[in-house]
Each structure stands twice: as C-alpha cells, then as structure tokens.
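So the structure is just underneath, and the comments pick up after that.
Predicted, not measured: the structure shown is a model, and the values here were computed from it. Each residue takes its place number in the sequence, starting with 1. What's counted below: heavy atoms across the whole structure, side chains too, no hydrogens, waters or symmetry copies.
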Amino acid sequence: MRMSSSIASIGIGIVGSLCTPAPLPADETPAAAQVKLREQVGDRLLIGAAIDARMLDNPAYANLVATQYNSITAGNEMKPDALQKVKGTFTFDRADRMVDFAQKNKMAVVGHTLLWHSQCPKWLFEDESGKPLSREEALENLRTHITTVVKHFKGRVIGWDVVNEALSDAPNEYLRDTPARRAIGDDYIIQAFRFAHEADPDVELYYNDYNIEADYKLPKAVRLIQELQAANVRLDGIGIQGHWLIAHPEMAELERGFAVLAATGVKLMVTEVDVDPLPRRRAGADVNASEAGQNPYLDKLPPEVDAALAKRYGQLFDLMVKYANEGKLSRITLWGVDDGTSWLNDWPVRGRTNHALLFDRQHKPKAAFFAVSKSLSAIKP
Ligand code: G3I
C-alpha cells in the first residue's frame, strides 16, 4: 500500500514497531485502556491527533495520546508565529518538546504548517504600515523561514503541511486574498513547495485545506493540485481537514469529493477530524469567521445526540477506511484529544461547551470512540 512509504520514511526507527509503544508511566486512564486505536491499525495506517505542548505536562493527557495514536500534529507550536514571531529569532523549544515526546513513544510527527494566513507574523509579507513588501523581500523572508524550519526538523518530521487554506470560499474567487499572495503573487504556493523541497528533499510535502471535498470548493482543489503537478513540485498528499458536522456535508457529497480528489493521483490524508454536534450556521473552519449561538449542552450530550455523533463518526471512518484499504489514504488525524481542549469550544461561537471529539473532559472514551474503533477494525492487513 502507498501508505507504507509514508511510514517507512518516518525516520525515527519505528518501522515495524508502530503498534508497540514504549512503556508509559503507570496512571493510564483505565476506561480507555481496553481499546487502543494504534494497536488496532498497527503499521497499516497513521492514526493521530493534534496535540498541545502545554498539555503534555498532564500525565493523563500524555498517556492517552501515546497509547491511542501512532502520530501527532502540533496544534499550534510549528506555525510561523510560534517559530519566528520576531524576524531572525527562531524559538523551537516547545515544538522540540513535542517531537521528543513523539520519538520517545514511537510516533510519527506531521509538521503543521509552514505557511498560513492565520498565526503568521505580519513582518513576513507586510511593512510596518501594512503595505505588501516587494516580491523579492517577501520571497526572501519566506525562503528563510521555510528553509530554517524544515532543516531544523529534518529526519524528525515525516511531512509538512506546506501551505494551509490558500483556497477562497468565495464563489467566483480561486485563491484567498492573503498577505503572502499580495506581496509575492499567485505563485507563492509553488514557491513555498520549492523552498521546502530544497531544504529537505526527503520530507513529504502536503497541501492542507477545509471543505475541499465539498462541492463548492472541490474544483478549486483539483485545479490547485493540477497546477502543482504541472509545475513539477513535490506533492505527496492532499490534506482534507475534516471539520465536519453531524448532518453536514451529507455522506454522498463526501464520497464524491473523496473520489474526485483520489483520482488526481495524490495520496489522501484526513488531517483535522472533528464532528461538531452544536448548532452553527457555517461549515468548515474559517478562523476569521464568528457567529452568535446557543450553548445547549453544558454537561454532556443528551443520549440521542451522543448516539447521532457516534453514528456519524462511524460512517466517516468507514469511508476513510475504505480509501485506506484501497491504498489511497495514508493518515487520519483527529483535531484534538478530548472535548475539554477542542478549539470548537471557542469557534465559531466563543465560550461554548463542545463535545466534538472521541474522549470526554475526563478522558473517558465516548460512544464515538467505540464507533471509530469498530470502523478501524475493518482495516485490511
Ligand atoms: O498562546 C496564547 C496564550 O498565550 C493566551 O493566553 C491565549 C488567550 O486566548 O491565547 C493563546 O493563543 C491561542 C492559540 O490557539 C493557542 O492556544 C489563540 O488565542 C487561539 O486563537 C489559537 O487557536 C488556534 C487556531 O488554529 C488559530 O487560528 C487553535 O488552537 C488551533 O487548533 C487552530 O487550528 C487550525 C489549524 O491550524 C488549521 N485548520 C483549522 C484549525 C482550527 O481552527
């Protein structure tokens, strides 16, 4: 299967041992201990979670991550504003800590992200008055950032989300209007991929975005993939973020989107899965958006909503497992570990009590966890 090349390139000596994590401190969460997703999938699939470096100080959290997942993504610690907030000053300590944790527990690390319009320091592409830098200056800043970061993590990160969320959500607009694009031009995406490949020819390179499997954005995603392929840049994977709701998008739309994206020949990865059970108007994950809304489930989900969430997770994982079994999908990553630390507690409505992940606030596995586990049991040897 194609995913094995991804696993083989992890570069931290874990080939053949993804299902045997290092011994952990004794306080493993008892309820979660019985089923371990990483043991279920072995080396046939990367199953991961986005984690928060500060949370690694919590042994229960660290244990849960290390026992359930064979890969991690940094939720925030590898973004440009975390690594080079001030021009020329790189701060790798928190990200390094995560990588050390992953290596100790025989987990792969996905780099997220070299370039995104959010969490990106202004100086990279704008002068002090907010005007775009010259193309040359902006390209030089981008090259320095990408080169330094990619070289720093060389051999310890399997692949990079090189560019994140560059596609526009607007009906008649292809690319999002961003500071990088204003300064460099439409080829900023291609340039970012070239800089990353030059810095580490062995590392995998991905494009990552939300709603690209949805009808309205799918043609733009295909166009971008084809443009990157035509430009001959290295493109190993397309990251479907997977910020979904219980009833939206419908499975038929997702199935269409997966099929069209897989037909481009690029490996699929589902990189930021969560399923929002709370009411909201918008789909996807545009961090610039916000809305007012109710906070209906202050304690836990009512049984019927909990069951609907589990059913939806099962259907989604069935679809992903199908693609994994066909050798077209190599990784599934949850965007967070437990409901208490999910970004959906603050988006698109601030300060809600959300329940979108597999583990509750006490790290107990929810019905959704067992639905996912059931789907993963169909992964072929
Ligand atoms: O680090 C500061 C902390 O010092 C301060 O006390 C605190 C006060 O609010 O804020 C902290 O920063 C927050 C940061 O997460 C780290 O926790 C920011 O306010 C908050 O906006 C930021 O949110 C992150 C979001 O990206 C920002 O755009 C989420 O954690 C992160 O999960 C989310 O991840 C994105 C992916 O990268 C791309 N796809 C969408 C996904 C969800 O938005």
Side-chain angles (χ1 to χ4, degrees), residues 1-51 55-56 58-73 98-110 158 242 269-271 273-274 310 313-327 329-339 357-360 362-381:
M1 285 177 79
R2 296 181 67 183
M3 104 204 68
S4 58
S5 67
S6 165
I7 291 174
S9 69
I10 286 171
I12 54 173
I14 67 167
V15 179
S17 62
L18 276 172
C19 52
T20 51
L24 291 159
D27 63 341
E28 189 172 65
T29 312
Q34 291 136 30
V35 180
K36 294 183 178 117
L37 302 181
R38 71 179 292 178
E39 285 186 359
Q40 268 195 276
V41 302
D43 60 2
R44 289 160 286 164
L45 178 72
L46 288 173
I47 178 88
I51 66 167
M55 289 299 296
L56 292 178
N58 176 336
Y61 178 96
N63 264 324
L64 190 60
V65 173
T67 50
Q68 291 294 342
Y69 301 107
N70 60 23
S71 51
I72 56 164
T73 304
M98 291 181 121
V99 176
D100 291 346
F101 166 81
Q103 290 192 317
K104 184 170 146 234
N105 292 293
K106 300 182 164 52
M107 309 166 96
V109 180
V110 179
I158 57 164
M269 296 162 184
V270 186
T271 56
V273 179
D274 43 33
Y313 260 110
Q315 290 169 334
L316 293 165
F317 270 71
D318 284 349
L319 174 66
M320 295 186 268
V321 165
K322 172 174 169 275
Y323 276 84
N325 283 340
E326 290 171 4
L329 183 148
S330 60
R331 172 166 61 95
I332 306 172
T333 299
L334 280 295
W335 201 249
V337 177
D338 67 287
D339 288 338
L357 291 169
L358 304 185
F359 296 93
D360 70 13
Q362 285 73 46
H363 297 157
K364 261 185 63 190
K366 295 158 57 180
F369 171 85
F370 295 103
V372 163
S373 168
K374 182 160 178 274
S375 301
L376 288 176
S377 64
I379 285 274
K380 285 195 188 136

Note to self: Working note: Asn325 + Ile379, criterion side-chain contact (heavy atoms from CB on, under 4.5 Å); need CA distance, chi angles, decisive distance, verdict.
What the structure shows: CA-CA 6 Å; Asn325 283 340; Ile379 285 274; 4.3 Å; yes

Evaluate the side-chain proximity of [Y] to [X]: yes if any heavy-atom separation is below 4.5 Å, no if none is.
{"X": "Val65", "Y": "Ile72", "answer": "yes"}
{"X": "Leu316", "Y": "Met320", "answer": "yes"}
{"X": "Ile158", "Y": "Val109", "answer": "no"}
{"X": "Phe369", "Y": "Gln68", "answer": "yes"}
{"X": "Arg331", "Y": "Val110", "answer": "yes"}
{"X": "Asn70", "Y": "Lys106", "answer": "no"}

To the nearest 0.5 Å, tell me how far [X] [atom1] sits from [Y] [atom2].
{"X": "Thr333", "Y": "Asp274", "atom1": "OG1", "atom2": "CG", "result": "12.0 Å"}
{"X": "Leu46", "Y": "Tyr69", "atom1": "CG", "atom2": "OH", "result": "13.5 Å"}
{"X": "Met55", "Y": "Leu64", "atom1": "CE", "atom2": "CG", "result": "9.5 Å"}
{"X": "Phe359", "Y": "Asp338", "atom1": "CZ", "atom2": "CG", "result": "9.0 Å"}
{"X": "Asp100", "Y": "Asn105", "atom1": "CG", "atom2": "CG", "result": "11.0 Å"}
{"X": "Leu376", "Y": "Leu37", "atom1": "CG", "atom2": "CG", "result": "6.0 Å"}

Mind listing the closest non-hydrogen atom pair of [X] and [Y] along with its distance?
{"X": "Ala50", "Y": "Trp335", "value": "CB-CE3, 3.4 Å"}
{"X": "Met107", "Y": "Arg38", "value": "CG-NH1, 3.8 Å"}
{"X": "Ala62", "Y": "Leu56", "value": "CB-O, 3.9 Å"}
{"X": "Leu357", "Y": "Tyr313", "value": "CA-OH, 3.8 Å"}
{"X": "Gly336", "Y": "Ala49", "value": "O-CB, 3.8 Å"}
{"X": "Leu45", "Y": "Ala324", "value": "CD1-CB, 4.0 Å"}

Note to self: Could you walk me through whether Leu329 and Val270 satisfy the side-chain contact (heavy atoms from CB on, under 4.5 Å) test, starting with their C-alpha distance in whole Å, then the side-chain angles of each, then the deciding distance to 0.1 Å, before giving a yes or no?
What the structure shows: CA-CA 8 Å; Leu329 183 148; Val270 186; 3.8 Å; yes

Got a donor-acceptor contact below 3.5 angstrom from the [X] side chain to the [Y] backbone?
{"X": "Ser375", "Y": "Gly314", "answer": "yes"}
{"X": "Ser71", "Y": "Ile47", "answer": "yes"}
{"X": "Thr67", "Y": "Asn63", "answer": "yes"}

Checklist line | Audit row: Ser377, Gln40, side-chain hydrogen bond (donor to acceptor under 3.5 Å, both in side chains) steps and yes/no | finding: CA-CA 7 Å; Ser377 64; Gln40 268 195 276; 4.7 Å; no

Checklist line | N-O pairing of Asp339 and Lys366 below 4.0 Å | finding: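 Lys366 and Asp339: salt-bridged.
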
